[in-house]
Amino acid sequence: MQDWTVEDGTENQRLIADDLTIFPEQSYLILTGDPESFADLHPDIACPVLPISNWPSLYRGVWGGESGRTLERISVDQATNDSTNWNSCLDPDGATPGERNSVCTRYRDLEATMMEFIPPNPAAGQDFLVRVTATNVGLDPIDNFSATFFIDSDFDSLPDDPEVIGIVDHTFTTLGPGETVEIESDIVNFPTSVLLVSCQLPGKSDQYLSNNRIDQTLMIGEDPVLINEIYYLPDQEADQPEWIECYHQGGSPINLLDWTIEDGTANSKRISTERVVIPTDTYFILTEDQEKFVATYPQVSAETIQPESWPSLNNSGDILAIRVPSGVAVDSLEFDDQWGGDVGVSLERIAFLVDSFDPDNWGNCVSADGSTPGEKNSIAAKDHDLALSDSLGISSSTPLPGESINLTGYVENRGMNAISGIVVRLFHDANQDSILDQGENLASATIAQELSPGESAPFTGSFSLPEIGLYIIGARIDYESDQYAQNNYGSISVTVGKELIVINEIMYSPASGDDKNGAEWVELYLPEQEGIAADRPLIDLQGWRLSDSRIDEFSVITEESRQLYAGDRVILTGDPDAFSEEFPDVDCPVIEPIDGFPSLANSEDMAILYDPTGAIADSVPYLDDWGGDTGRSLERITPTVASTDARNWGTCVAMGQGGTPCDENSIEANLPLRSDVRIETQPNPFSPDNDGFEDHAVITVDLPLTMAVTNLYVYDIQGRLVRRLLSGQSVGNKTTVVWDGADDDGEKVRIGQYILYLEATQSESGKVETEKKRIVVAGRL
């Protein structure tokens, strides 16, 4: 090497050796500008190391090589200036000085290329299969070998005897270069855990050992690691950091190396770049600033980790997910500030057994310190805690008086002990106090089975309601030993009869100017109906709500009891004074909603009325072409026709007023009952070809009955049933339905003639009325 030189892109040559230096064939030589540092990093190098004075500064390229990794040549037989002949070093040490390059093809090299589990997410206690694909990436064929499968419980990458779950001898004729073989082993009966499953291929005669082992993190069962406490609103004045507490309840230790955390941005941040082993039944803390956390909570002994980058938690709520290296989430949730948490107060989980996404399973920390990192939560699950599910069901939300009604729901055991003898009381919560008072009881439902922690069971209670009206049906778990009664109650509304209350008039564009400052308002109306006693209240407006199209910004109408009777009208407005100045002679209640009146848009919007349970009692999705104008209200024509039908609305025509609050609408049509049955169709024929013209048939049914159980069916001319438009539905004397020309399967029917068949049965007397009408489905020529 005497008088040889090395140069970089500057073409400044550096002398390698100025005296005789022999470089034998089939050997390696190291050139470096800092031999001492090189020797510290690679103390066992046997090949010569030559120092180069004035070492050229090497710039990073795009062929390969990265921080801490060398750029290696793949083949000496391939051109030096070929970018495909170079790659980043694959060796775990990041470099192979004095050895064969890690990216070179070796003569004998068996690589573990893939691991998979069958099933991919086994349940706790379920047997499953681990399958590893081995590939001969060398130049020579390989005959026989064995594979060792093990659970790396101590995370040392070695198959210690207690960790080995199987040694599989694989015998075959020859595994040629580039060929693969699959090796399998059974794993039996593991509890809920996060396991590091490894497979080690033989090292004997293998010229590259770094690719002989493969491992993958596997989650067994549900919720081995839980997000348990979230501190997303720290006290900034106290210089506190954000943090998240997790609890590891799985059956074996976990290693947080290369686990990730992510928020709603879906940008994953590594929790740790080093081995961090967490034992079972242990809390650990993830924080944005470990130093601040330790200063704030010096008493906390739980493992505290600061991820390489912290997902800043939004004050209004965020999405959180903790993932193992394979990307599977061990726990995730989407919380908001309504769940709990405040400045200096953490958001705590109640029960491990309840899903993380359930907002009822979270709440404000009630500890005097405002949080409980590394300890049991202040609101943690109790020994005895039964909870009623949020989703109560009802067999009919608009039954007839005296009709049997079934209410269904679920009871869940959120406590730590098994519970039996569970009873659910059903009652008419007339005063809406969530308490079963004297005279309110309707029925009881019993759950015969014992509920273990985390189990749930259905219940059904049957009852009937004798009179027309709106009823709030409460369901409460009757269990004296329950330690958390806040989740024992649920309610659902039942309307006996039809259209008890409607939105009857809307002033969405009040007059202004010329000393006028009108107010927006909505009129509610309880139509008089046959069978309703005039002296019995039908509705109590306490807890009712109003919104526009922004359904998440509703306003509570009143928190006080305000009973309404048949024929009553009520005005809701955001400015009672301006309303009274415009309409000084009104004689019905004028109420300003507690949370303000929703601002109604002039072009299009919605007015939505909710009962105390949150069910929609009525809604009007109006457009400006429905009616109404500056200083003139939008009036309903009749309360018995759907609120969503534009033909049931028009502009107020009252002379000199512009609105008829607390009075009969100026365009109201109170038609007497017909003496016969009539079916009207418009248009007829109609052409459901989606061209925007006469695509639907509007079918109006007039009955000589106040209320009837009605079937309205479509038959073809061969008498085959095509479509059920109404099927056993309770309707008033006039109802409207729309047919889109499709059958019950959603397929368009053929062009031709069809028969509408109506059958209406009077609820009280059982009288049956029937009628037929021909309708034609046409098409464009």
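Starting from 1, each residue takes its place in the sequence as its number.
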Beyond-backbone contact of Gln290 with Ile285, side-chain heavy atoms, under 4.5 angstrom: no
Ser549-Asp605 side chain donor-acceptor pair, cut-off 3.5 Å: yes
Side chains of Tyr479 and Asn488, donor plus acceptor under 3.5 Å: no
Contact summary for Thr446 and Val423, nearest pair of heavy atoms: OG1-CG2, 4.1 Å
Residue pair Met115 / Val132: nearest heavy atoms and the distance that separates them: CE-CG2, 3.8 Å
Straight-line distance of Asn315 CG to Asp336 CG, nearest 0.5 Å: 12.5 Å
Ser157-Arg213 side chain donor-acceptor pair, cut-off 3.5 Å: yes
Minimum heavy-atom distance between Ser198 and Asp152, given as atom pair plus value: OG-CB, 3.9 Å
Atom CD of Glu560 with >12 non-hydrogen neighbours under 6.0 angstrom: no
pair Asn406-Phe463: side-chain heavy atoms closer than 4.5 Å: no
Lys/Arg-Asp/Glu bridge criterion (N-O < 4.0 Å) met for Arg414, Asp358: yes
Polar contact flag, side-chain donor to acceptor under 3.5 angstrom, Asp575-Thr573: no
Side chain to side chain donor-acceptor pair (under 3.5 Å) evaluation trace for Ser493 with Tyr471: CA-CA 6 Å; Ser493 61; Tyr471 297 82; over 6 Å; no
Pair Asn413-Asp385, side-chain donor/acceptor within less than 3.5 Å: no
Side-chain heavy atoms of Asp548 within contact of Ile608, under 4.5 Å: no
Check: Arg425/Ser444 side-chain N/O donor and acceptor closer than 3.5 Å: yes
Distance-only side-chain donor-acceptor flag, Ser316 / Asp337, under 3.5 Å: no
Non-neighbouring partners of Phe335 that pass ring pair (Phe, Tyr, Trp, His ring centres under 6.0 Å), sequence neighbours left out: Tyr232
Residues Asp331, Arg349: salt bridge by 4.0 Å N-O rule: yes
Test applied, side chain to side chain donor-acceptor pair (under 3.5 Å); reference residue, Glu245; option that passes from Thr304, Thr372, Asn228: Asn228
Under 3.5 Å side-chain donor-acceptor pair for Trp362 and Glu348: no
Between OG1 on residue Thr613 and CD on residue Gln432, distance to nearest 0.5 Å: 9.5 Å
Test item: side-chain donor near acceptor, Arg323 and Ser268, under 3.5 Å: no
Inter-residue atom distance Thr296.OG1 - Gln240.CD, 0.5 Å rounding: 5.0 Å
Phe554 six-ring centre to Arg545 NZ/CZ under 6.0 Å and within 45° of normal: yes
Check: Gln306/Thr287 side-chain N/O donor and acceptor closer than 3.5 Å: no
Separation of Ser491 OG from Ile473 CD1 (nearest 0.5 Å): 9.5 Å
From SG (Cys365) to CG (Asn377), nearest 0.5 Å: 7.5 Å
Stepwise salt bridge (Lys or Arg N to Asp or Glu O under 4.0 Å) check, Asp540 with Arg562: CA-CA 5 Å; Asp540 190 333; Arg562 186 178 286 272; over 6 Å; no
Which atom of Phe293 lies closest to which atom of Pro241, heavy atoms considered: N-CG, 3.7 Å
Minimum side-chain heavy-atom gap Ile501-Asp618 below 4.5 Å: no
Side-chain donor-acceptor contact under 3.5 Å, Tyr247 with Thr282: no
Side chain to side chain, Leu286 and Trp310, heavy atoms closer than 4.5 Å: yes
4.5 Å side-chain heavy-atom contact, Asp160 and Asp154: yes
Residue pair Ser371 / Asp369, side-chain donor-acceptor N/O under 3.5 Å: no
Nearest atoms (heavy-atom pairs only) where Phe284 meets Ile254: CE2-CD1, 4.3 Å
Sub-4.5 Å side-chain heavy-atom contact between Arg476 and Val424: no
Inter-residue atom distance Met606.CE - Ser619.OG, 0.5 Å rounding: 4.5 Å
Distance-minimising heavy-atom pair for Trp544 and Ala617: CZ3-CB, 3.5 Å
